[in-house]
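Below, read A as the first sequence line, B as the second, and so on, with proteins coming before strands; counting in each chain starts at 1.
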Amino acid sequence: MSAPADHPGKDLEGSGEPYDALVARLERVVGELERGDLPLEASIEKFAEGVRLAREATRKLDEAERRVEVLVRNADGSEEPAPLEGGGGKGNG
Amino acid sequence: MSAPADHPGKDLEGSGEPYDALVARLERVVGELERGDLPLEASIEKFAEGVRLAREATRKLDEAERRVEVLVRNADGSEEPAPLEGGGGKGNG
Amino acid sequence: MSAPADHPGKDLEGSGEPYDALVARLERVVGELERGDLPLEASIEKFAEGVRLAREATRKLDEAERRVEVLVRNADGSEEPAPLEGGGGKGNG
Amino acid sequence: MSAPADHPGKDLEGSGEPYDALVARLERVVGELERGDLPLEASIEKFAEGVRLAREATRKLDEAERRVEVLVRNADGSEEPAPLEGGGGKGNG
Amino acid sequence: MSAPADHPGKDLEGSGEPYDALVARLERVVGELERGDLPLEASIEKFAEGVRLAREATRKLDEAERRVEVLVRNADGSEEPAPLEGGGGKGNG
Amino acid sequence: MSAPADHPGKDLEGSGEPYDALVARLERVVGELERGDLPLEASIEKFAEGVRLAREATRKLDEAERRVEVLVRNADGSEEPAPLEGGGGKGNG
Amino acid sequence: MAVRPGETGDLFAQVKPRALSVSELTRALRVAVEPRFKDVWVSGEVANLRRQASGHLYFSLKDEGACVNAVVWGSQARRLAFAPADGQEVLARGFVEIYPPHGKYQLVVNELEPRGAGAQAVLLQRLKEKLLAEGLLDPARKRPLPFLPRRVGVATSPTGAALRDLLRVLHARFPGLPVLVAPCRVQGAGAAATVAGALRSLCRAGVDVVVVTRGGGSQEDLFEFNDERLARAIAACPVPVVSAVGHEIDVTVADLVADVRAATPTHAAQLVAPVKDELRAGLQASRARLLRAASEAVAGRRRELRALKAELSDPKHLLSEQRHRLDDLLRRAEALLRGRLRAERDAQDAVKARLGRREPRARVRELVARSEDATRRLGSWQAATFRREELRLERLKARLAPANVAESLKRGFALALAGGKLLRRSAEAAQGDALRLALAEGWLDVVVTGVDAGSDPLPGRTRPGGAGPESGGGDAVERDSDHD
């Protein structure tokens with residue numbers, strides 16, 4: 001599974017890369033696909049990268065959503081504030 | 001639980017921060033969230049901070065309200081004025 | 001229990017502060033509270049001060065239950081108040 | 001069955017030649033055939049080469065399509081990301 | 001058995017001479033024969049050459065045809081060899 | 001070993017004289033005979049020459065025909081000599 | 001003023017026969033009179049009082065024997081301490097003015113006050129001027145009354161109606177308000193000294209305010225309150241002094257010096273004592289406002305906080321947006337890639353179609369056809385050539401056949417040879433010649449027995465044929481000609 005040259009071989013899962021950076025990379029991937037000047041194999045690789053990026057971004061969204069839900073639950077007047085799970089939301093995933 | 005840079009790591013519970021400062025921070029947080037230009041992770045952190053601030057502000061309001069009630073009760077014709085609890089209202093919280 | 005700067009540390013009980021000064025302070029406190037531009041904690045402090053002022057003013061109103069007296073000259077030429085017979089009768093009722 | 005001079009005797013099956021290069025060769029072969037100035041034997045050789053190239057290109061395209069299907073299937077929220085088959089999509093064919 | 005001057009004594013079998021040249025020579029031989037101005041012996045020689053050419057051309061063409069059939073059959077990459085549409089339309093009838 | 005008109009009586013058998021020359025001589029002989037102005041003795045000589053020429057021409061023609069048949073038979077590469085269509089029908093009979 | 005000094009001086013020195021003009025006379029009068037009466041006090045009774053719209057007061061001052069016109073210009077009139085009325089005795093201060101156009105004089109009044117007994121009024125006036133000069137009447141000296149005095153001092157007669165009225169109203173307004181009464185005489189000679197003493201006693205005893213009061217009475221009754229020592233005692237009092245002496249129109253020096261002048265004892269009580277119920281109500285209102293404001297301080301913040309909390313938008317919508325965005329991006333990527341694959345597929349199909357059109361079978365077949373055609377033509381050529389040549393040989397052989405003597409012999413013809421020489425005419429032989437006859441097979445040696453030169457042996461023939469006389473021989477040749 002060779003990664004594109006500008007992101008050599010990173011395992012995205014659990015990476016510390018911010019969500020927006022992931023999405024920006026995904027957008028760049030789409031842009032490159034749109035330009036249409038990639039060789040077919042590179043296109044497929046790009047798409048694979050896009051899929052990985054999207055999956056990782058989705059994972060981050062899921063995690064964020066869980067965090068938000070906990071926050072919202074605690075925000076609504078519950079007397080005992082449950083500890084915010086996962087703290088910074090990154091180390092948890 | 002990393003706090004944003006401008007409020008590094010404070011535990012708001014029991015802090016001596018004035019209510020209005022809390023609310024001002026909460027408003028700033030709301031404004032920043034509404035501008036919508038924060039990275040996702042920062043948004044979530046901001047939201048978490050907002051939730052903590054709102055909870056703390058609510059706590060302070062509750063406390064203020066209790067204090068007012070005590071003062072009113074003592075002011076209304078009770079012969080022995082109960083000592084104002086907490087004095088400055090800060091050491092008590 | 002810090003008093004505001006313009007009435008530093010007076011014990012109002014039995015103090016010589018006139019009723020109208022108390023009331024004026026009370027009015028000022030009310031006005032400040034009503035302007036609503038005080039921080040919450042200061043508001044509560046003001047309220048506490050207002051309550052104390054009101055109590056003191058009430059005390060002053062209530063404590064003035066005395067009789068009508070008349071200065072009577074003693075044999076040694078000194079004078080002292082004595083209950084006014086017949087005159088205070090009406091004022092007392 | 002002698003191959004043309006510029007592509008001497010390669011077995012295209014499983015070759016690492018990129019899709020676009022295959023298609024470019026195929027175009028060139030077809031163009032040469034269309035010019036019509038080849039002797040029959042050369043035509044047949046060219047045609048044979050064209051057939052091989054077309055078959056290989058089709059195979060690569062099919063493979064690419066399968067790969068995309070797998071990627072798409074995995075992209076849609078499946079919790080366990082199936083390992084991307086074939087990695088670079090080449091070693092698998 | 002003397003060959004004509006321009007094709008001196010070649011054994012055509014297995015020769016590298018192209019089909020087109022063979023057929024063209026055959027046609028030329030036939031034309032010369034048909035003009036009828038050759039002495040009988042020369043005619044017979046020509047005829048013999050023509051027969052050899054025809055035999056060689058037939059052999060080569062049969063071989064070519066078989067080869068092309070195989071190629072066309074394989075061109076679709078499918079197991080059952082469907083004829084290439086629009087191409088073999090004539091040779092097929 | 002040409003047998004010109006002025007050398008009558010030669011044995012033509014095995015001569016290298018071309019068929020067409022033989023036929024030409026034969027025609028000349030026939031013409032001379034038909035003119036009828038030859039003395040009988042000369043006529044008989046001419047006639048004898050004509051007969052020889054005719055026999056030799058026929059022989060050559062037969063030989064050529066046999067040769068052609070062999071060629072044709074071999075042309076098909078098969079053991080049984082398929083008659084050249086449209087041609088061998090008469091030569092064979 | 002055009003009057004020359006000399007002329008004026010002459011006016012009183014002697015009587016001259018020369019008549020003065022009215023103006024001269026008037027001028028002279030003004031010069032003579034006005035400087036002398038620049039500042040005079042005049043007492044009299046007001047009559048014919050008229051108030052102009054401009055504010056000027058016009059009236060006459062009169063007594064039993066005289067009357068003088070007087071005016072108070074509006075600017076002064078507005079400053080008068082009282083409102084004059086017809087019949088009122090007043091003391092006026094001003095100057096005499098002669099007004100030439102009317103030929104009248106009038107008193108221009110600067111100050112006007114009601115006049116008591118005539119001589120006393122002037123003394124009183126002097127006292128007022130003196131106190132004024134000392135500043136004791138300065139309005140700036142006036143001290144405000146305490147809002148709620150802890151004890152009210154009253155200098156009055158303990159038995160008078162004034163005290164009764166005062167206490168009644170005082171305690172009606174503020175029940176239980178402490179009052180300390182310093183008894184004094186309020187009329188008759190020496191009363192002023194007792195009032196002053198009472199004042200001092202009250203100040204010593206400790207009060208927040210002093211009320212000096214007595215009921216209404218005659219001018220003489222009130223005159224003690226014009227006493228200078230009393231005035232100075234009032235001025236010297238360390239707490240504010242309220243004077244309520246006589247009736248409203250009776251203004252005494254004590255009234256002037258006091259911090260507040262009350263019209264009546266009742267009025268004094270109103271000035272000195274607030275209404276306790278009102279105070280209580282005011283306090284209650286303040287406390288209510290206080291509580292309301294405090295509650296509002298909390299409640300308002302609670303509302304704000306609630307609003308703010310509502311504004312603290314749950315980032316779920318953001319997450320949802322992002323999910324859409326991701327989905328869109330991925331879908332776009334997928335669509336692009338699938339489009340690419342489709343395009344590649346189409347391109348490939350097009351190229352394959354082009355390749356298919358160039359499929360060499362047709363060309364092979366064409367060549368096969370050409371080759372077959374050539375082969376066919378080869379066969380045709382062979383057949384035609386051999387047929388032609390065979391025919392040609394046949395024809396030649398046929399044409400050769402008639403020249404075949406042997407055939408003629410076979411048909412029955414014979415050759416006649418005489419001495420090796422062929423005979424063609426019968427005349428070439430003579431009877432008895434020995435001839436040799438050549439037959440189809442073998443020879444005959446014969447002798448000529450006769451010669452017939454005249455008859456044709458083969459009737460119908462134009463050309464002499466065989467020389468043999470036997471027709472059978474000729475028949476034989478013809479008969480066998482087909483068999484060669």
Kindly determine whether G/Phe147 and C/Val23 satisfy side chain to side chain contact (heavy atoms under 4.5 Å, CB included), including the steps that lead there. CA-CA 10 Å; G/Phe147 180 81; C/Val23 170; 5.5 Å; no

Is there side-chain contact between C/Arg55 and G/Arg287, with heavy atoms separated by less than 4.5 Å? no

Checking heavy atoms, do the side chain of C/Ile44, its backbone, both or neither come under 4.5 Å from chain G? side chain

C/Leu26 versus chain G, heavy atoms under 4.5 Å apart: side chain, backbone, both or neither? side chain

Using side chain to side chain contact (heavy atoms under 4.5 Å, CB included), reason through G/Arg151 and C/Glu69 one step at a time and then give a plain yes or no. CA-CA 10 Å; G/Arg151 183 151 66 169; C/Glu69 293 167 310; 3.3 Å; yes

Could you check if a side-chain atom of G/Val298 sits within less than 4.5 angstrom of a side-chain atom of C/Phe47, using non-hydrogen atoms only? no

Can you name the closest pair of heavy atoms from C/Leu71 and G/Ala182 and give their distance? CD1-CB, 4.2 Å

For G/Arg143, is the CZ atom crowded, meaning more than 12 foreign heavy atoms sit under 6.0 Å from it? yes

Relative to chain C, which segment of G/Leu170 carries a heavy atom at a distance below 4.5 Å: side chain, backbone, both, or neither? neither

Would you call C/Pro18 and G/Leu148 a side-chain contact if the rule is heavy atoms closer than 4.5 Å? no

Please classify the contact between C/Glu34 and chain G as side chain, backbone, both or neither, with a heavy-atom cut-off of under 4.5 Å. both

Side chain / backbone / both / neither for C/Thr58 at chain G, heavy atoms under 4.5 Å: both

Could you pull out the closest heavy-atom pair between C/Pro81 and G/Leu180, with the gap in Å? CB-CD1, 3.6 Å

What is the distance from atom CG of G/Leu283 to atom CD of C/Glu27, rounded to the nearest 0.5 Å? 9.0 Å

Let me know if G/Arg301 has heavy atoms under 4.5 Å from chain C in its side chain, its backbone, both or neither. side chain

What verdict does the side chain to side chain contact (heavy atoms under 4.5 Å, CB included) test give for C/Asp62 and G/Arg280, after you've listed the backbone C-alpha separation in whole Å, the side-chain angles of each residue and the deciding distance to 0.1 Å? CA-CA 10 Å; C/Asp62 292 341; G/Arg280 213 184 277 286; 2.7 Å; yes

If I measure from the heavy atoms of chain C, does G/Leu166 come under 4.5 Å with its side chain, its backbone, both, or neither? neither

Stepwise side chain to side chain contact (heavy atoms under 4.5 Å, CB included) test for C/Val68 and G/Leu167: CA-CA 9 Å; C/Val68 179; G/Leu167 287 177; 4.1 Å; yes

Ignoring hydrogens, what is the shortest heavy-atom contact between G/Leu290 and C/Gly50? Give both atom names and the distance. CD2-C, 3.1 Å

